[in-house]
2 protein chains.
Amino acid sequence: MPEHRPSGDDGPPLRADAQRNRARILNAAETVFAELGANASTEEVARRAGVAIGTVFRHFPTKNDLLAAIMKQLLARLVAEAGELNGPAGLFEFFERLVAQAAEKRSVVELLARAGMDLRLPDAVGRLEQALGGLLAQAQAGGTVRPEVALPEVMALLISVCQGALHGGWEEGLQKRTLGVIFAGLRPAAG
Amino acid sequence: MPEHRPSGDDGPPLRADAQRNRARILNAAETVFAELGANASTEEVARRAGVAIGTVFRHFPTKNDLLAAIMKQLLARLVAEAGELNGPAGLFEFFERLVAQAAEKRSVVELLARAGMDLRLPDAVGRLEQALGGLLAQAQAGGTVRPEVALPEVMALLISVCQGALHGGWEEGLQKRTLGVIFAGLRPAAG
DNA sequence: GATTAAGATGAGCTATGACTCGACTTAGCT
DNA sequence: AGCTAAGTCGAGTCATAGCTCATCTTAATC
């Protein structure tokens with residue numbers, strides 16, 4: 001019996017039904033974690049995927065592996081999104097999109113928060129940092145962001161704002177004003 | 001047999017040992033939740049308080065009650081701290097202090113985050129908002145903060161930054177730079 | 001000191017959730 | 001069609017955590 005297959009393994013191709021189930025599980029997991037947060041139960045994921053619980057654990061031997069897989073997808077999507085954004089306002093645009101997502105998907109935030117902790121995804125996170133670095137450089141070249149601002153504080157602000165976005169109240173206007181303050185802080189001082 | 005005593009109840013005074021144990025439990029809970037976060041077990045609290053688990057539940061019928069009690073203490077302390085701060089730089093000072101606390105005490109952040117959610121402490125939170133409002137007004141009167149900035153976004157920024165402060169990396173310098181960006185965003189545009 | 005009700009104790013109940021494993025099903029192949 | 005290994009199933013195990021309650025202890029009062 002072949003062993004469990006961690007993400008990167010390329011053994012013999014999966015059987016058709018296994019591929020189908022794996023995809024279903026990933027889909028279900030994404031929506032479940034988005035709605036209920038990262039400590040939704042694996043059983044709930046199985047239920048929504050329409051498979052038995054054993055099947056989930058066959059594909060992802062631990063819950064953390066499942067979370068890591070989702071997180072990898074998410075980070076890849078963010079990197080792609082960052083890649084499409086261009087020009088001096090690209091960084092701000094990225095902030096706005098991420099915060100909008102964070103408000104409706106708990107997982108975005110919680111997973112992002114755990115990306116550097118329990119889940120070990122240094123390369124995926126690294127790629128996102130690289131993409132953000134590009135956006136920051138463009139913004140600084142275009143005079144949209146002060147030159148002395150560095151990548152780490154941009155990341156920190158991004159994470160912070162996403163975290164904050166979870167909290168109920170936050171109507172539309174508040175979110176915009178909060179981001180406005182941060183953008184003002186990033187922009188060069190004089191008009 | 002007298003019923004469990006929720007926080008506000010003023011029945012006959014507690015017996016001496018009961019008072020002692022209640023204080024011990026609160027102390028233990030504060031440090032335990034500070035170290036381990038809000039989902040540390042009640043047993044751990046009991047262990048560190050040196051009492052049996054039943055005693056904890058006698059004083060705080062649910063874990064949430066215990067969290068709420070700690071949170072009330074914390075909020076009161078923050079209000080007091082805010083009250084001592086004066087002048088146009090008081091608001092910034094408060095930010096710095098809170099973030100410093102957040103970095104070393106998980107509970108500060110997690111409880112603050114839950115204050116408006118599971119735990120129902122509208123009055124305690126209200127008092128903090130009032131105190132912050134005072135600091136904001138002083139800062140605006142002194143020209144340290146733009147007049148169009150309102151209290152809600154200040155609260156939002158505060159919560160966000162505290163949340164972000166949990167994440168490991170954040171060396172000393174990064175924290176300062178991140179706060180620097182936010183302060184720059186709050187300050188009036190021109191020098 | 002005797003009385004007694006408040007309080008402390010901790011084994012145990014219940015729920016939940018991560019994970020296992022032997023029995024069963026089916027895709028892929030000849 | 002028949003074979004077989006890959007894959008699925010789901011009842012069951014183990015651990016944890018919130019909470020209860022019958023029993024014992026002790027502070028307060030007379």
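Chain naming here is simple, since letters A, B, ... match the order of the sequence lines and numbering starts at 1 in each.
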Close approaches to DNA chain C from residues 23-31 of chain A, in residue order (heavy atom, under 4.0 Å): none
Qualifying side chain to side chain donor-acceptor pair (under 3.5 Å) pairs with a residue from residues 79-96 of chain B, counting only residues at least two apart or across chains: B:Glu81-B:Gln101, B:Glu93-B:Arg97
Short side-chain to backbone donor-acceptor contact, A:Thr144 and A:Pro88, under 3.5 Å: yes
Pairing residues for A:Phe92 by the ring-ring contact (aromatic ring centres under 6.0 Å, His included) criterion, not counting sequence neighbours: A:Phe183
Electrostatic pair B:Arg77-B:Glu30, nearest N-O below 4.0 angstrom: yes
Do any side-chain atoms of residues 124-139 of chain A form donor-acceptor pairs under 3.5 angstrom with protein atoms, and if so which ones, sequence neighbours left out?
| from | atom 1 | to | atom 2 | distance (Å) |
| --- | --- | --- | --- | --- |
| A:Gln138 | OE1 | A:Gly87 | N | 2.8 |

N/O (side chain, A:Thr42) to phosphate O (OP1/OP2, C:dG17) under 4.0 Å: no
Nucleotide-resolved protein contact map, nucleotides 24-30 of chain D, B/S/- at heavy-atom distance under 4.0 Å: --BSS--
Sugar-phosphate only, base, or nothing, as touched by A:Ala40 at under 4.0 Å among non-hydrogen atoms: sugar-phosphate
Annotated protein contacts, base or backbone, on nucleotides 9-14 of chain C with a non-hydrogen cut-off under 4.0 Å, one of B, S, - each: BBB---
Nucleotide D:dT16, atom P - distance to CZ of B:Arg47 in whole Å: 11 Å
Flag, side chain of A:Glu35 to backbone of A:Lys105, donor-acceptor distance under 3.5 Å: no
Salt-bridge contact A:Arg48-A:Glu43 (side-chain N to carboxylate O under 4.0 Å): no
